[in-house]
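Every number for a ligand or one of its atoms is a count from 1 in the order of the listing. Quick caveat, the model's predicted, so the values are computed rather than measured.
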Amino acid sequence: MRQTALRPSAYPIAAIRADFPALHQKVHGKPLIYLDNAASSQKPRQVIETLAEFYAHDYANVHRGVHTLSERATARFEAAREAVRRFLNAKERAEIVFVRGTTEAINLVAQSYCRPRLQAGDEVLISAMEHHSNIVPWQLVCREKGAKLKVAPMNQKGELQLDEFAQLLGPQTRLVAVAHMSNALGTINPVKEICALAHLHGIPVLVDGAQAVPHLPVDVQALGCDFYAFSGHKLYGPTGIGVLYGKRALLEAMPPWQGGGEMIRRVTFEATEYNDLPYKFEAGTPAIAEAVGLGAAIEYLERLGLEAVERHEQELLAYATAKAKEIKGLKIIGEASSKGAILSFTLEGIHPHDVGTFLDHYGIAVRAGHHCAMPVMDFFNVPATTRASFALYNTYEEVDSLMAAIQEIIKVFG
Ligand code: C6P
């Protein structure tokens, strides 16, 4: 597997790694092996340089000034929105709302779409593998309105039970919210089927795409979803910027969530006329440079091609999974047939926090904990897992080093 996968001409791994300055450092005297990409990914110099160059030349507030710098900054900010539109294949730029990240995008839909519509006895349907960001915003609004949060179950492999999901859809369901890819398990959910099933009942679907967008091509029109949320920082872009995609008709029908500058057309003390989409949802000065940086990250991914990235990561995951299965006492948590580049595991008798700390001494960065998905930990009856999450710049050699370090941990602690 390794020989065929390592085709330097097919996937330019050396050139890709050269683009990421942070990868070329030592941690505790060992070359850094960065496997905490699901938490946040490292940035290519194309993004870092875009930020520096934008601040050095074109920076000003957007949509406000008639002066040259403001016009330049506005043009670049809107070009970033167009890059996101292209990246998601949304119909129009007006459907792309800039927010701080996935969490804010989901809260926006909970407060602006759900809150005015929910009544006592209504339901919001999520899945058993959601991140807290796709649980708590619904809990908040459901509690306030006397509505119920329903949870579609998964099986022991970490796969959504689609039949049971379908049975939970009913006349009381007001919205479905599911992860495209689970951050704790790696499961890729059949989002297209989920949307089709929900739409049979006229129910809109929000997809939490935080983990999916760095790993696979996403086409919101092909998926048929109504809302799609993601964060820039997991997509090799800056922190503090994220996206809510929403179908125009839904966004049009929603009231603004936050009030302030930019989201208005005319204000008097008596009444306010709101701005057009997407500005109605962008109150206050946005994360301007971060949006431009996100645009650069998207262009970087477009040049590589997400299909090639997906292939590389799938091969790497298959290689890592096969190696992990050879280790006695290692249990993989999350073995869905459709999975992204995440390897979550436990080691018999060793706490994941000890594993994480030990690996750090080998220069290997992983996340150990509940991954903001406590119900998933409860389901698998573990307090936490160790999670190695791979990105487009990870290599087979790094997987080998991870596995060797795990063997070492077992020798020391086991
Ligand atoms: N998961 C992880 O280590 P924000 O924090 O808003 O950028 O993303 C929240 C979020 C929402 N949904 C999913 C599926 C996620 O994975 C995350 C972030 C990180 O797994 C940090 S907890």
Below the 3.5 angstrom mark, is there an N/O of [X], backbone or side chain, next to an N/O of ligand 1?
X: S133; answer: no
X: Q211; answer: yes
X: R367; answer: yes

Salt-bridge present ([X], [Y]; N to O < 4.0 Å):
X: E262; Y: R64; result: yes
X: E335; Y: K325; result: yes
X: E53; Y: R76; result: yes

Top protein contact for atom 13 (C) of ligand 1, by heavy-atom distance: D208 OD2, 3.4 Å
K234 and ligand 1 - part of the residue with a heavy-atom distance under 4.0 Å: side chain
Within the distance-only criterion (no hydrogens, no angle test), does the side chain of [X] pair as donor or acceptor with the backbone N or O of [Y] below 3.5 angstrom?
X: R81; Y: A291; result: no
X: Y396; Y: A320; result: no
X: H132; Y: M374; result: yes

Numbered atoms of ligand 1 (with element) below 4.0 Å of T103, judged on heavy atoms: 4 (P), 5 (O), 6 (O), 8 (O), 9 (C)
Those atoms of ligand 1 less than 4.0 Å from some heavy atom in C372: 22 (S)
Non-hydrogen atom of [X] closer than 4.0 Å to ligand 1:
X: E104; result: no
X: N134; result: no
X: A38; result: yes

Side chains of residues 87-94: which donor-acceptor pairs under 3.5 Å do they make with residues two or more places apart or in other chains?
unit_1: N89; atom_1: ND2; unit_2: D219; atom_2: OD1; d: 3.1
unit_1: N89; atom_1: ND2; unit_2: D219; atom_2: OD2; d: 3.0
unit_1: E92; atom_1: OE1; unit_2: R248; atom_2: NE; d: 3.3
unit_1: E92; atom_1: OE1; unit_2: R248; atom_2: NH2; d: 3.0
unit_1: E92; atom_1: OE2; unit_2: R248; atom_2: NE; d: 2.7
unit_1: R93; atom_1: NH1; unit_2: E78; atom_2: OE1; d: 3.0

Contact list for residues 177-197, test side chain to side chain donor-acceptor pair (under 3.5 Å), sequence neighbours left out: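 For residues 177-197: H180-Y228.
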Closest to atom 8 (O) of ligand 1 among A184, A179, S231 (heavy-atom distance):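 Nearest heavy atom to atom 8 (O) of ligand 1 lies in S231.
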Per atom 10 (C) of ligand 1, closest listed option by heavy atom (H233, R387, H131): H131
